[in-house]
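Only one structure is covered here, and it is reproduced in the block below.
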Amino acid sequence: MKKKAEASILIVDDDENTRKSLTLIFKRKGYEIETAGTGNEAIKKAQKRFFNVVLLDIKLPDMKGIELLAPLKEIHPDMVMIMVTAHASLETAISALNQGASFYITKPLNMDEVLSTIREVMEKQHLVIENRQLLQEVQHELAERKRAEDRKKELETQLLNAQKMEAIGTMAGGIAHDFNNLLMGIMGNVSLILLNADSNHPHYSELKNIEQCVQRGAELTKQLLGFAMGGKYETKPTNLNEIIKKSSEMFSRARKEISIHEKYDTALRPVEVDRGQLEQVLVNLYVNAWHAMPGGGNIYIQTENVTLNEKEVKPYNLKPGNYVKTSITDTGIGMDEKTRQRIFEPFFTTKKMGRGTGLGLASVYGIIKNHGGFIQVHSEKGKGTTFYIYLPASQKEIVKEKKLPERILEGRETVLLVDDENIFLDVGEKLLNKMGYTVLTAKSGKEAIEIYEKNKDGIDIVILDMIMPGMGGGETFDLLKKINPDIKVLLSTGYSLEGQAAGILERGCSGFIQKPFRVKDLSQKIRLILDS
C-alpha cells in the first residue's frame, strides 16, 4: 500500500538539478512534491491546488522570487513561503519577510535544517488553520445562538401581540354586543314613535337625527366586530364585481372630487362572503384612500382570478389554490415603511383627532382573514397606496339577492320572540304588533322551548337571540329543530362568536339579522323567510 503523503511542497527554482535533488529528498521523507521552473508556472500550479509549503528561489527567469510572494499569498493565504537564495543580505531578508515569506534560508542547503524548518512551519500552519476553524465554528455557533435568540424574541413578541389582539378582540366583541343591544333599544323606540309620526310632527327632525346617530353607532360597532373577527354571519356564493360596483357607485356619488376607474374580470370566480361585511371592507378602503387625497385624486379598482402556490400562501397559513384578487390603488400621499407596518393595528391612526378611530383598517384585516383570505399593502411616500385582497374562490353557483319593496312589510302570522334583554323584548313586541303580527315572548332558551312545545302548531316563525346566558341560541335552535324539523328561525344578535352564526345557519336556520336593525329591514327579513 502506498504511504499517504505527509504534506505537499511546491519547489520553485530555475535550476533543474536543484529541483530533481530536492524532489528526491522530500519524497523519501513522505512529502508530495511538485516543481516549477518559473514564477508563472508556479502561479498556475498554485491556482490548481493548495501547497502547505512553497520553497521559492529568489532569482527566477521571468520575475524575482520576492515578486511572486504576493500573487501566491492572494491565491492561498495559508501557504507557507520559504525564500531560498545563494546570496543573502539583511535588506533582502527583511523585504522578503515583509512581503509574506515565513522563513529565509541560504544555499548550499543544510537538509536537516531545511526539513526541521519545514516541520516547524507546518506545525504552526496546522495550528493557525485549526484555530481559525475553531474560531469560525465558535462564531457560527454564536451566530446561530443569536439567530435562535432573535427568533425566540420574535415569536414571543408575536405571541404577546396575538394574545393582546385576542384580549382586545374579546373585549371589543363584548362591548359591541352590549352596545348593539342598547342601540337596538334606542332604535326600536325611535322607530315606534316614527311609525305614528309624519314630517309635520314637532320632533320629527330630532327623531331622525337620533336614528342617524344610532346608525353611526352601529357602524362603529361593525368595525369593532370586524376587528374582533367575530365570525361571518350569512355567507353566500357571490360575484365580487357586483359588490364592488355597488359600493364604488355609492361612494363616487358622495365624493365628487374622487374619480374611480374600474377594470373587472368578466369571468371572475365566485367567492363565499358575507356581503354586508365585504361592503364594509370596501367602504373602509375607499374612505382611507379619500383621506390620503385631500385635494381629490383617482382610485383604480381591478379584479382578477389568480392561482397561488404553497410558497405564496404559507406566510398566511392558508391552502394553495384558486383565489380572487382585488386591487385598490389611490394616488394619495402614500406611507413610509414604519407607518405601513402598523396600519392594521387597532386604534392606530395617522389622522387628526376626530377624523378617525383607527378601527377601519383593523376591521378590514379581521374580516378578510375571517373569510379565509389575506390582505397585502404596498405604499411609498408620495407615490400612493395599493391594497391587494385575496379571497378563496368557490365552486358553488352564485346566489342572486331577492329585491324587496323599500317599505315596511306587514303580516298576520304568529312570532315567538326570544331574547334575554327586557328592553328588546318590550320594543320588539311593540314593533311586531305594529306590523300586524301576534307575538309570544321568551326570556331564555329554556322558556322558548317550553312555549314552542305548547304552541308549535300556531307559531309561524321564531326570532332568536344568539348570545343568551344558560342555554345559548345555538343549543336552543337545535332543540327547536328536533321538535319541528321544518321550523323557520330568524337569528338575531349584536355579536357573533367565531363561526357561531355561520354554524347555526348551516344547520338549517332560515336567516340572520344583526342588531341594531331598522323596522323596515326586520319586516323584509321576516317576509323573505315566511314567503319562501
Side-chain angles (χ1 to χ4, degrees), residues 173-196 207 210-211 213-222 224-225 230-231 233-234 276 408-409 411 413-452 459-477 480 488-497 500-501 504 509-527 529:
I175 291 171
H177 172 261
D178 293 343
F179 194 50
N180 275 340
N181 279 330
L182 288 172
L183 290 175
M184 189 64 245
I186 299 169
M187 176 76 89
N189 281 294
V190 169
S191 298
L192 281 170
I193 299 172
L194 287 172
L195 284 173
N196 297 315
L207 289 168
I210 293 172
E211 193 175 50
C213 288
V214 171
Q215 289 173 356
R216 287 178 62 186
E219 289 300 318
L220 181 59
T221 57
K222 278 184 180 181
L224 278 170
L225 290 174
Y233 301 110
E234 284 186 288
I408 296 173
L409 305 179
E413 291 88 347
T414 298
V415 179
L416 172 58
L417 182 62
V418 187
D419 201 290
D420 64 312
E421 294 282 347
N422 286 325
I423 191 169
F424 180 74
L425 284 179
D426 179 58
V427 74
E429 183 177 8
K430 289 175 181 177
L431 286 171
L432 290 165
N433 284 333
K434 286 285 185 181
M435 286 184 259
Y437 296 101
T438 301
V439 183
L440 302 174
T441 62
K443 268 201 73 175
S444 67
K446 183 180 179 183
E447 187 180 354
I449 299 299
E450 292 171 355
I451 293 173
Y452 192 80
I459 295 174
D460 299 287
I461 187 171
V462 178
I463 299 176
L464 176 64
D465 186 29
M466 193 173 70
I467 309 297
M468 297 185 293
M471 186 186 294
E475 186 180 354
T476 303
F477 171 77
L480 289 170
K488 294 184 175 181
V489 177
L490 174 61
L491 196 62
S492 164
T493 187
Y495 176 44
S496 169
L497 294 173
Q500 250 192 25
I504 297 170
C509 187
S510 309
F512 174 87
I513 189 166
Q514 186 178 356
K515 300 175 186 175
F517 46 76
R518 296 176 299 176
V519 181
K520 181 186 72 174
D521 297 329
L522 176 62
S523 73
Q524 292 180 348
K525 283 279 187 179
I526 293 172
R527 290 315 326 162
I529 293 170

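Since we're looking at a predicted model, the values are computed, not measured.
Residues L417 and L425 have side chains in contact (heavy-atom distance under 4.5 Å, counting atoms from C-beta outward). At least one side-chain heavy atom of V418 sits less than 4.5 Å from a side-chain heavy atom of V462. Under the 4.5 Å side-chain criterion, counting only non-hydrogen atoms from C-beta, K430 is not in contact with K434. Residues I449 and T476 form a side-chain contact, since some pair of their non-hydrogen atoms from C-beta on lies under 4.5 Å apart. Looking only at side-chain heavy atoms (C-beta outward), L416 and T414 stay at 4.5 Å or farther from each other.
Put simply, CE on M184 and CD1 on I423 are 9.5 Å apart, with the number rounded to the nearest 0.5 Å. One distance of note links CG of L464 with CG of D419; it measures 9.0 Å at 0.5 Å rounding. Atom OG of S510 sits about 6.5 Å away from atom CD1 of I461, to the nearest 0.5 Å. Here CG of L491 is found 11.0 Å from CD of Q514. Values are rounded to the nearest 0.5 Å. With rounding to the nearest 0.5 angstrom, the NZ atom of K443 is 10.0 Å from the OG1 atom of T441. Note that SG of C213 is 10.5 Å distant from CG of L183, once rounded to the nearest 0.5 Å.
In this structure, the side-chain contact (heavy atoms from CB on, under 4.5 Å) partners of L522, at least two apart in sequence or on a different chain, are L432, M435, I463, L490, I513, F517, I526. Listed by chain and residue number, L207 satisfy the side-chain contact (heavy atoms from CB on, under 4.5 Å) test with I193 (two or more places apart in sequence, or in another chain). For D521, the side-chain hydrogen bond (donor to acceptor under 3.5 Å, both in side chains) test picks out R518, with sequence neighbours left out. Residues that satisfy the side-chain contact (heavy atoms from CB on, under 4.5 Å) test with V427, not counting sequence neighbours, are N189, L192, L431. Applying the salt bridge (Lys or Arg N to Asp or Glu O under 4.0 Å) rule to E429 yields no partners; only residues at least two apart in sequence or on another chain are considered. For K446, the salt bridge (Lys or Arg N to Asp or Glu O under 4.0 Å) test picks out no residue, with sequence neighbours left out. When the side-chain hydrogen bond (donor to acceptor under 3.5 Å, both in side chains) test is applied to E421, no partner is found at least two apart in sequence or on another chain. Residues forming a side-chain hydrogen bond (donor to acceptor under 3.5 Å, both in side chains) with E413 (at least two apart in sequence, or on another chain): R527.
Residues M468 and M471 come closest through the heavy atom pair CE-O, 3.7 Å. Here the closest heavy-atom approach between residue V214 and residue M187 is recorded as CG1-CE, 3.5 Å. Across all their heavy atoms, S523 and L409 have their closest contact at OG-N, 3.0 Å.
Side-chain atoms of K525 come within 3.5 Å of backbone N or O of F512 as a donor-acceptor pair.
Applying the salt bridge (charged side-chain N to carboxylate O under 4.0 Å, His left out) test to pairs two or more places apart or on separate chains, those with a residue in residues 462-476 are D465-K515.
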